[in-house]
Number of protein chains: 2
Amino acid sequence: MELRRDPFHAIADPTRRQIIGMLAQKPQNLNSLAEQFDMSRQAISLHVKILNECGIITINQIGRERICHAKLEKLEEVSAWVSQYKEFWTERFAALEKHLETIKSKSK
Amino acid sequence: MELRRDPFHAIADPTRRQIIGMLAQKPQNLNSLAEQFDMSRQAISLHVKILNECGIITINQIGRERICHAKLEKLEEVSAWVSQYKEFWTERFAALEKHLETIKSKSK
DNA sequence: TCCATATGCAAGTATTTGTTTGCAAATATA
DNA sequence: TATATTTGCAAACAAATACTTGCATATGGA
């Protein structure tokens with residue numbers, strides 16, 4: 001198998017999505033994050049490591065603390081991928097479809 | 001571990017993203033999909049099964065064929081999650097930041 | 001009916017994931 | 001300097017993933 005370290009992998013796990021959410025609000029260190037979960041510090045540490053490898057967070061070592069920051073622009077890749085299909089479910093698309101139908105029936 | 005069957009899991013794998021892309025263009029059966037990959041039919045079959053479990057595709061049995069359709073509106077969940085952070089990297093936000101900076105410096 | 005086609009199911013394998021516990025190392029503070 | 005805090009590393013483990021190959025089954029067409 002192959003190790004996949006991209007934003008899609010980063011957000012695949014719900015715990016990781018939560019961590020991203022927390023860091024988006026406020027940069028914080030590992031222990032501070034871990035305290036907010038019902039899970040061992042090590043488990044969170046691993047998720048943080050993965051998020052870092054996926055490039056979606058940045059870690060800044062200050063003394064013994066490692067402050068994590070969200071690098072949200074990495075979500076752009078996901079956003080771009082998803083939005084190419086957005087037209088298939090948004091209202092705007094429904095309206096466009098309707099419009100095209102109108103044109104079609106007129107040209108008959 | 002726990003089985004996660006949601007759109008985030010569906011799009012975490014690059015092969016599955018490709019399958020979604022293909023089905024978005026044209027509904028097709030399993031073999032037709034498999035032929036376009038350098039991978040066994042079984043491997044694709046498994047991905048299709050997972051996509052189905054994640055609710056992102058629909059399978060329609062017609063005779064011996066199983067036609068797969070993309071159900072792209074399921075991506076809405078991903079889209080919504082990502083877009084809550086969009087302001088942090090879009091130009092619009094950059095412009096807003098700049099504006100706030102201007103206000104700040106003026107109020108000094 | 002015979003054969004090709006479309007698919008499922010089962011077993012097997014290597015790797016990854018998500019998690020825990022215990023221990024070591026570095027840094028801050030009293 | 002002694003102690004508490006923040007963290008990393010390593011080992012362990014069960015379950016999931018991403019594949020493969022081989023065989024069975026159902027359907028469609030000659």
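So that the names make sense, note that chain A is the first sequence line, chain B the second, and so on, each numbered from 1.
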side-chain contact (heavy atoms from CB on, under 4.5 Å) partners of A:S83, counting only residues at least two apart: A:K86
Rounded to the nearest 0.5 Å, what's the gap from CD1 on A:I19 to CD1 on A:I11? Could you check? 14.0 Å
Can you tell me if B:H9 touches the phosphate of D:dT17, counting only side-chain N or O atoms and a distance under 4.0 Å to OP1 or OP2? yes
Once base and sugar-phosphate atoms are separated, protein heavy atoms under 4.0 Å mark nucleotides 20-30 of chain C, 5' to 3', with B, S and - as BBB----BS--
Taking the side chain from B:R16 and the backbone from B:A10, do they hold a donor-acceptor pair closer than 3.5 Å? yes
Round to the nearest Å and state the distance from A:I50 atom CD1 to C:dT16 atom C1'. 9 Å
Results of side chain to side chain donor-acceptor pair (under 3.5 Å) for A:T15 - residues two or more places apart only: A:D13
Separation of D:dT6 atom P from A:L33 atom CG, nearest Å, is 13 Å
Choosing from D:dT17, C:dT19, C:dG18, which nucleotide comes nearest the side chain of A:R16? C:dG18
To the nearest angstrom, the CG-P distance between A:L3 and C:dA14 comes to 18 Å
Measure from CG on A:L46 to P on D:dC13 and round the result to the nearest Å. 18 Å
Could you give the CG-to-C1' distance, from B:D13 to D:dA18, as a whole number of Å? 8 Å
Between D:dT7 atom C1' and A:N29 atom CG, what is the distance in whole Å? 10 Å
Tell me whether the OP1 or OP2 atom of C:dT5 has a side-chain N or O from B:N31 closer than 4.0 Å. no
Ignoring hydrogens and angles, write down the donor-acceptor pairs under 3.5 Å from the side chains of residues 22-36 of chain B, residues two or more places apart or on other chains.
{"unit_1": "B:Q28", "atom_1": "OE1", "unit_2": "B:S32", "atom_2": "OG", "d": "2.7"}
{"unit_1": "B:Q28", "atom_1": "OE1", "unit_2": "B:Q36", "atom_2": "NE2", "d": "2.9"}
{"unit_1": "B:Q28", "atom_1": "NE2", "unit_2": "B:K26", "atom_2": "O", "d": "3.2"}
{"unit_1": "B:N29", "atom_1": "OD1", "unit_2": "B:S32", "atom_2": "N", "d": "2.9"}
{"unit_1": "B:N29", "atom_1": "ND2", "unit_2": "B:E65", "atom_2": "OE1", "d": "2.8"}
{"unit_1": "B:Q36", "atom_1": "NE2", "unit_2": "B:S32", "atom_2": "O", "d": "2.8"}

Rounded to whole Å, please give me the gap between CD in A:E35 and C1' in D:dT5. 11 Å
For A:R5, give me all partners under side chain to side chain donor-acceptor pair (under 3.5 Å), at least two apart in sequence or on another chain. A:H9, A:E53
Nearest-Å distance, CZ (A:R4) to C1' (C:dT17)? 11 Å
Show every salt bridge (charged side-chain N to carboxylate O under 4.0 Å, His left out) that has at least one partner inside residues 67-83 of chain B, sequence neighbours left out. none
